[in-house]
Amino acid sequence: GAVVSQHPSWVICKSGTSVKIECRSLDFQATTMFWYRQFPKQSLMLMATSNEGSKATYEQGVEKDKFLINHASLTLSTLTVTSAHPEDSSFYICSARGIGRENTEAFFGQGTRLTVV
Amino acid sequence: DAKTTQPTSMDCAEGRAANLPCNHSTISGNEYVYWYRQIHSQGPQYIIHGLKNNETNEMASLIITEDRKSSTLILPHATLRDTAVYYCIVRVRNYGQNFVFGPGTRLSVLP
């Protein structure tokens, strides 16, 4: 199946700093990428949808100035958590969808565990 | 997208078949049933999907009732590595839409 890779797998940062998470589609072109957040013992919650070359669409309650999303190419999207605070600590997951065989199922990255201290 | 209802948790003995039910009584004619699972601290993994016919792949079988109001995911020979949260999602087959995850079923495969 199609492969989506996230980096880093985990990161610890100090409060007030910014953290960038990368999501890459390794063997297909991702026209659309989705960013989810998952708190402990909860399900995945969609944060934003990004289409290559255009601005991301954010879900209600998600601050676009805090969670910067860049989808500059068909194989890479980045999520930057700016001025991180302890309440931003969570498991962040991206998924990608593209053309061809991958245009119906979504494939997910392995997730990034962010801990803000 | 139609809502789904799944049991909160289930246990299964290792080597036995795991049958995970899902109710989707408000499913529309153009909505597919998808199953994903999430092993602890990993991203969701695609398992299988179907419209109205039963489906089988190397991971599992999907049985959809004739009225399409419910389905069952079958793991024929569960192993300890199948312990995970299993999500049943109903949605239109459209590349532009995201997947909406409910709470899922926490399957524990016991030795």
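So you know, we letter chains A, B, ... as the sequences are listed, proteins then strands, and number each from 1.
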- Task: Could I get the full list of side-chain hydrogen bond (donor to acceptor under 3.5 Å, both in side chains) partners for A:T112, not counting sequence neighbours?
- Result: A:Q6
- Query: Are B:F99 and A:F34 close enough, and set up right, to give a side chain to side chain contact (heavy atoms under 4.5 Å, CB included), and what steps lead you there?
  - Reply: CA-CA 9 Å; B:F99 282 77; A:F34 304 92; over 6 Å; no
- Among A:N51, A:L44, A:L46, A:V4, single out the residue with the greatest number of heavy-atom pairs under 4.5 Å to chain B. A:L44
- Taking atom types as modelled, find out whether B:S25 and B:N23 have a side-chain donor-acceptor pair closer than 3.5 angstrom. no
- Pair A:Q38-B:Q38, side-chain donor/acceptor within less than 3.5 Å: yes
- Give the ring-plane orientation class for B:F101 versus A:F108, where under 30° counts as parallel, over 60° as perpendicular and anything between as tilted. perpendicular
- Query: Any residues in residues 57-93 of chain A near chain B, with a heavy-atom distance under 4.5 Å, and which are they?
  - Reply: A:F91, A:I93
- Message: So which atom in B:P44 and which in B:Y36 form the shortest heavy-atom distance, rounded to 0.1 Å?
- Response: CB-CD2, 4.1 Å
- Task: Please name the pair of heavy atoms, one in B:W35 and one in B:P21, separated by the smallest distance, quoted to 0.1 Å.
- Result: CH2-O, 4.0 Å
- Query: Looking at CZ of A:R24 and NE2 of A:H7, how far apart are the two atoms once the value is rounded to the nearest 0.5 Å?
  - Reply: 9.0 Å
Is [Y] close to [X] at the side-chain level, that is, under 4.5 Å between some pair of heavy atoms?
X	Y	result
A:M33	A:S25	yes
A:W35	A:C23	yes
B:Y34	B:Y46	yes

- Side chain, backbone, both or neither of B:Q45 within contact of chain A (heavy atoms, under 4.5 Å): neither
- Message: What part of B:Y32 gets within 4.5 angstrom of chain A, counting heavy atoms only: side chain, backbone, both, or neither?
- Response: neither
- With B:S71, which of B:I63, B:I64, B:L20, B:I27 fulfils side chain to side chain contact (heavy atoms under 4.5 Å, CB included)? B:I64
- Message: I need the single residue from B:L73, B:I89, B:V90 that forms a side chain to side chain contact (heavy atoms under 4.5 Å, CB included) with B:V33. Which is it?
- Response: B:V90
- Item | Within 6.0 angstrom of B:M10 CE, more than 12 heavy atoms from elsewhere | yes
- Is there any residue in residues 51-61 of chain B with a non-hydrogen atom under 4.5 Å from a non-hydrogen atom of chain A, and which ones are they? none
- Heavy-atom contacts under 4.5 Å, residues 102-111 of chain B to chain A: B:G102, B:P103
